[in-house]
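Here the structure is a predicted model, which is why all the values come from computation and not from measurement. Just so we're on the same page: letters track the sequence lines, and every chain starts at 1.
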There are 2 protein chains.
Amino acid sequence: MSKARAERDTVVPALGEIFREHGFEGASLSVITEKTGLGKGSLYHFFPGGKEEMATIVLVEIDTWFQVNVYQPLRDSDDPKAGIDHMFTAVEEYFRAGRRVCLVGVFALDNTRDRFASAVKSYFADWAKALTQALKRCGHDGAKAKALTEDILGGIQGGLVLARALDDPAVFTRTLKRLRENLG
Amino acid sequence: MSKARAERDTVVPALGEIFREHGFEGASLSVITEKTGLGKGSLYHFFPGGKEEMATIVLVEIDTWFQVNVYQPLRDSDDPKAGIDHMFTAVEEYFRAGRRVCLVGVFALDNTRDRFASAVKSYFADWAKALTQALKRCGHDGAKAKALTEDILGGIQGGLVLARALDDPAVFTRTLKRLRENLG
DNA sequence: GTCTATAAAGCGATAGAC
DNA sequence: GTCTATCGCTTTATAGAC
């Protein structure tokens, strides 16, 4: 089981890219088979729950990544400004400078939304909470910190949508730069 | 033909809501039949090209609406500030104060993207061009006008994603308010 | 113009041999 | 653990009666 688990985990990143690229509905088993090189037999061996389990595990992996690389630094950094700087750097890398969309954003907009509603909601809620707290520690009052948080999280998602729609990743990096500078 | 055309056009808004709610892949003919009350026979009579034609016509309708209600006022208003104010008001109504997502944004993120790439691209490109021009007429230099345009269009899209993800439409209206105030 | 019936293909998922 | 074969269902789309 532990071995199967380890084997399974190596496929999860590839599954993430597939869901990002095709959405939940569009990621058919034939596409998944093709891109991962795993046959249906293997896929259902690793993920008895089928596509839904695959997507759930991908969402868990994403949550873990953001907890470790974004939320924790925001919460725990002695210097809250450094935590925020680290967030912007991590986000720019994670979204490959605008060439990669946000899977949670994709799931939020399409009809997959209801299926994974709680994971989608807590992704943004956790992020917002950690960022607001860091902004308060930087000296902003509660209302300002909340407003800045919405501007930053919304700006990131919107920048990704625009970058993809216009087929111009630089829109995203420019947006990140302005959001960063806007904090002074 | 003109009669069929008129009859057809009455269904287009309903199709728009269906694609918004379910995405392109998720909007199956059975869903469309149920929500519009039209049988498959009627649907293929009005839209011989099937789903793809339905979505194409919906995108044309959206483009027309934004041309008339957003881009033209931005371009033609004697007072560019009034044109921008009008844009924010129209956008808040159009997206039902955060309860309605942007179909073009939905199509931009999922795998439908490639299918309707040019319509998706020109939706944002036309909007950006008109808004940048209006901002320049307000006195902003070219670089500032371009930056503000990206912040505003991205902010709108991001606000819609966040509102949907958090199941809290007010996130969108607060974002719009700040974008508006940010212009002074 | 709208209906029913149906075709052809793809879907997620399962079973069983190996 | 991976394969092939197959089930049952849904999908888009078409045909033809009315």
Inset, instruction - Please state how far atom CZ in F46(B) lies from atom P in dT14(D), giving the value in whole angstrom units. - result: 17 Å

Legend entry - Y44(B) OH to dA13(D) P, straight-line distance once rounded to whole Å: 4 Å

Legend entry - Out of dT2(C), dA13(C), dT12(D), whichever nucleotide has its closest atom nearest the side chain of L29(A): dA13(C)

Legend entry - Nucleotide dT12(D), atom P - distance to CD of E34(B) in whole Å: 14 Å

Inset, instruction - Can you figure out which of dT12(D), dC3(D), dT14(C) approaches the side chain of S42(A) most closely? - result: dC3(D)

Legend entry - For atom CG of L38(A) and atom C1' of dC3(D), their distance in whole Å: 13 Å

Inset, instruction - Check the distance between dT2(D)'s P and R8(A)'s CZ and give it to me in whole angstrom. - result: 14 Å

Inset, instruction - Salt-bridge test for R20(A) and E17(A): reply yes if a basic N is under 4.0 Å from a carboxylate O, no otherwise. - result: yes

Legend entry - Identified ring pair (Phe, Tyr, Trp, His ring centres under 6.0 Å) partner of Y123(B) from the options F116(B), F66(B), F107(B): F66(B)

Inset, instruction - Among the candidates dT12(D), dC11(C), dT2(D), find the nucleotide nearest to the side-chain atoms of S28(B). - result: dT12(D)

Legend entry - 5′-ward residue of the pair V31(A)/P48(A) relative to DNA chain C: V31(A)

Legend entry - Short N-O contact, D85(B) and R180(B), less than 4.0 angstrom: yes

Legend entry - Test: R113(A) and E21(B) ion pair at under 4.0 Å: yes

Inset, instruction - Check every atom of dC3(C), dT11(D), dG12(C) against the side chain of K40(A) and return the nucleotide holding the closest atom. - result: dG12(C)

Legend entry - Row check, Y94(A) ring normal vs R100(A) NZ/CZ: under 6.0 Å, within 45°: yes

Inset, instruction - Looking only at side-chain atoms of H45(A), point me to the closest of dT2(D), dT2(C), dT12(D). - result: dT2(D)

Inset, instruction - Round to the nearest Å and state the distance from E53(B) atom CD to dA13(D) atom P. - result: 11 Å

Legend entry - Integer-rounded Å distance: dG12(C) C1' and F47(A) CZ: 15 Å

Inset, instruction - Would you indicate which nucleotide in dT11(D), dA13(D), dT2(D) comes nearest to any side-chain atom of S30(B)? - result: dT11(D)

Legend entry - Between P of dA13(C) and CD1 of I32(A), the distance in whole Å: 9 Å

